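Note sheet for the following structure.
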2 protein chains.
Amino acid sequence: MECKNELQQLLADFKANHMPSVSIDCVIFGFHDGQLKVLLLRWKNTDDWCLPGGRIHKQENMDAAAHRSLRERTGLHEIFLQQFHTFGDVNRYRHYSQIETLAKLGLPEDVAKQVVSRDISVGYYALVEFANVVPTPDIFTDECRWWDIQQIPALLFDHNEMVSLALKTLRRQLSYQPIGYNLLPEKFTMPDLQQLYETILGQTMDRRNFQKRMLGYGILKRLDERKIGGAHKSPYLYRFDKEKYEKALETESLFTT
Amino acid sequence: MECKNELQQLLADFKANHMPSVSIDCVIFGFHDGQLKVLLLRWKNTDDWCLPGGRIHKQENMDAAAHRSLRERTGLHEIFLQQFHTFGDVNRYRHYSQIETLAKLGLPEDVAKQVVSRDISVGYYALVEFANVVPTPDIFTDECRWWDIQQIPALLFDHNEMVSLALKTLRRQLSYQPIGYNLLPEKFTMPDLQQLYETILGQTMDRRNFQKRMLGYGILKRLDERKIGGAHKSPYLYRFDKEKYEKALETESLFTT
DNA sequence: TCAAAAGTGTTTAGCATACACCCATGC
DNA sequence: GCATGGGTGTATGCTAAACACTTTTGA
């Protein structure tokens with residue numbers, strides 16, 4: 001009972017500080033071992049996975065709330081983060097047997113209902129450098145780890161749909177904006193970059209044409225160093241010319257207002 | 001006082017039936033006289049204009065709420081309607097001297113504050129056939145009419161920003177999707193269609209190349225009729241091949257999942 | 001010395017642009 | 001008959017795609 005009151009109190013405090021009806025969910029993309037990965041959380045005492053998310057403080061910009069949530073899950077401060085869609089179906093919380101899941105959480109039913117009442121959720125996607133991430137669970141979850149995009153299980157709520165749409169948006173963005181700055185280490189080789197593109201788009205490309213196109217954007221700087229240690233011929237190392245990269249991000253498309 | 005209580009009651013009922021913290025705003029595009037137009041509302045007893053909007057019923061899908069709002073403002077049932085961005089800055093309601101405006105509305109201050117408290121707003125844009133629209137004000141407004149996109153005044157809240165972003169999205173969409181089905185009458189001429197494109201993109205195009213491109217999409221059907229009555233040579237009439245048009249909308253881009 | 005990966009340049013094709021002439025209609 | 005707008009086809013250029021040989025490296 002005391003436990004229940006404590007929970008009620010927690011919930012009341014939470015409600016006082018956060019906007020009701022609206023939540024945020026983040027699809028965090030990372031790249032490692034030639035695989036595109038997504039960061040997922042496992043709910044306490046369950047085998048059920050979901051996307052990291054959060055709520056918006058009453059005096060906080062929505063984008064800031066998304067950044068905060070990201071920071072809490074990954075430890076990263078400067079990240080590429082972009083809104084991609086807002087999900088508002090009444091039944092988006094019923095795709096999966098959430099009642100079972102809530103039961104496993106051990107929450108009293110009325111508390112549980114408030115935790116997952118019908119919400120509008122704003123979906124963001126983030127691109128992060130895999131190696132720098134320290135995956136950190138939140139209070140509802142006891143595990144936070146990367147999943148290969150190909151091997152993502154059935155997620156809670158409408159989160160599988162969110163991942164699909166985020167990936168679709170990422171692919172489209174790739175076709176008119178440079179991407180990679182936030183997904184690769186500072187120094188990388190042209191084959192690294194190509195592998196990233198091929199992984200995101202799910203298709204192979206011609207090495208020579210790819211290189212020509214990338215260099216044509218004028219956002220890469222070839223270093224004097226080469227990557228050593230690998231078998232075979234040592235590839236050159238590149239890094240992004242941040243200034244030009246940012247400019248290319250702003251231009252965004254053929255049609256700028 | 002009674003008036004105030006009545007308002008309080010209205011507000012209480014409203015809050016019981018609608019999701020708090022979230023609203024919807026619609027940028028409704030129409031096309032007439034070679035001009036791209038947007039439907040705006042004038043607040044009661046003021047000269048302040050804003051976008052039509054609404055709230056989401058507790059048991060209503062968000063898209064349905066947007067459609068309902070559109071229907072109420074235009075009388076139209078089947079409309080092209082698409083979410084384009086969600087606005088969540090804390091200060092988005094302070095771009096303009098809203099306090100003055102609220103004063104003019106004649107609402108008691110505490111009621112007024114609740115009416116325009118800080119919200120997340122989901123922006124939709126709609127393409128409608130100008131001639132079929134019956135502009136209809138809502139309870140907060142006493143005028144609803146079309147404005148040339150070039151002549152839109154300073155709007156309340158962040159609504160100018162919303163119009164800009166909606167237009168930008170529309171322009172981008174034009175570059176990889178056919179548009180026109182919802183903006184033109186059933187039968188139209190190639191010059192009509194070109195004028196629509198030129199108006200949206202804000203640039204002129206070559207007649208011959210435009211026609212080649214449009215016919216190349218395979219979504220137009222040339223009718224045997226020609227448009228009569230105009231001066232000069234009578235142009236052919238076309239209409240969209242709805243089936244192929246829909247298919248083209250789904251394909252959406254080079255990169256389909 | 002061999003296999004595997006990386007560096008480099010040329011040819012080709014498809015699509016978008018540029019451009020000019022003839023025809024119909026109302027005044 | 002003439003000014004205006006609409007119908008049609010061809011030449012050109014640029015970007016993206018296709019494609020092959022040489023070089024380096026570790027095993």
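These numbers come from a predicted model, not from an experiment. Throughout, protein chains are lettered first and strands after them, A, B, ... in sequence-line order, and every chain is numbered starting at 1.
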Starting at [atom1] of [X] and ending at [atom2] of [N], how long is that distance when rounded to a whole Å?
X: B:Gln211; N: C:dA16; atom1: CD; atom2: C1'; result: 16 Å
X: B:Asp206; N: D:dT12; atom1: CG; atom2: C1'; result: 14 Å
X: A:Leu237; N: C:dA6; atom1: CG; atom2: C1'; result: 13 Å
X: A:Lys233; N: D:dG26; atom1: NZ; atom2: P; result: 13 Å
X: B:Arg226; N: D:dT8; atom1: CZ; atom2: C1'; result: 12 Å
X: B:Arg208; N: C:dA20; atom1: CZ; atom2: P; result: 8 Å
X: A:Gln194; N: C:dT8; atom1: CD; atom2: P; result: 14 Å
X: A:Met205; N: D:dT15; atom1: CE; atom2: P; result: 19 Å

Would A:Arg68 and A:Glu72 pass as an ion pair if we require N to O under 4.0 Å?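 Salt bridge present between A:Arg68 and A:Glu72.
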Do other residues, nucleotides or ligands put more than 12 heavy atoms under 6.0 Å from A:Tyr181 OH?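 Count not over threshold, so no.
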Starting at the 5' end of DNA chain C and moving along, which residue's nearest nucleotide shows up first, A:Thr189 or A:Asn209? A:Thr189
Let me spell it out: for each of B:His232 and B:Met190, pick the nucleotide of DNA chain D with the closest heavy atom. Which residue's pick is nearer the 5' end? B:His232
Can you work out whether A:Ala231 or A:Arg207 has the more 5'-proximal nearest nucleotide on DNA chain D? A:Arg207
Mind checking B:Gly230 for me? I need base, sugar-phosphate or nothing, with any heavy atom below 4.0 Å counting as a touch. sugar-phosphate
Quick check on D:dT8: is either OP1 or OP2 less than 4.0 Å from any side-chain nitrogen or oxygen of B:Arg222? yes
Can a side chain N or O of B:Ser234 be found less than 4.0 Å away from OP1 or OP2 on C:dT25? yes
Looking only at atom types and distance, does a side-chain atom of B:Asp48 sit under 3.5 Å from a main-chain N or O of B:Ala154, one as donor and one as acceptor?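 It does not hold such a pair.
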Any idea how B:Phe130 and B:Trp146 line up, ring-wise: parallel (<30°), tilted (30 to 60°), or perpendicular (>60°)? tilted
If the test is side-chain contact (heavy atoms from CB on, under 4.5 Å), which one of A:Ile149, A:Asn182, A:Val128, A:Ile179 qualifies with A:Phe29?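 The side-chain contact (heavy atoms from CB on, under 4.5 Å) with A:Phe29 is passed solely by A:Ile149 among A:Ile149, A:Asn182, A:Val128, A:Ile179.
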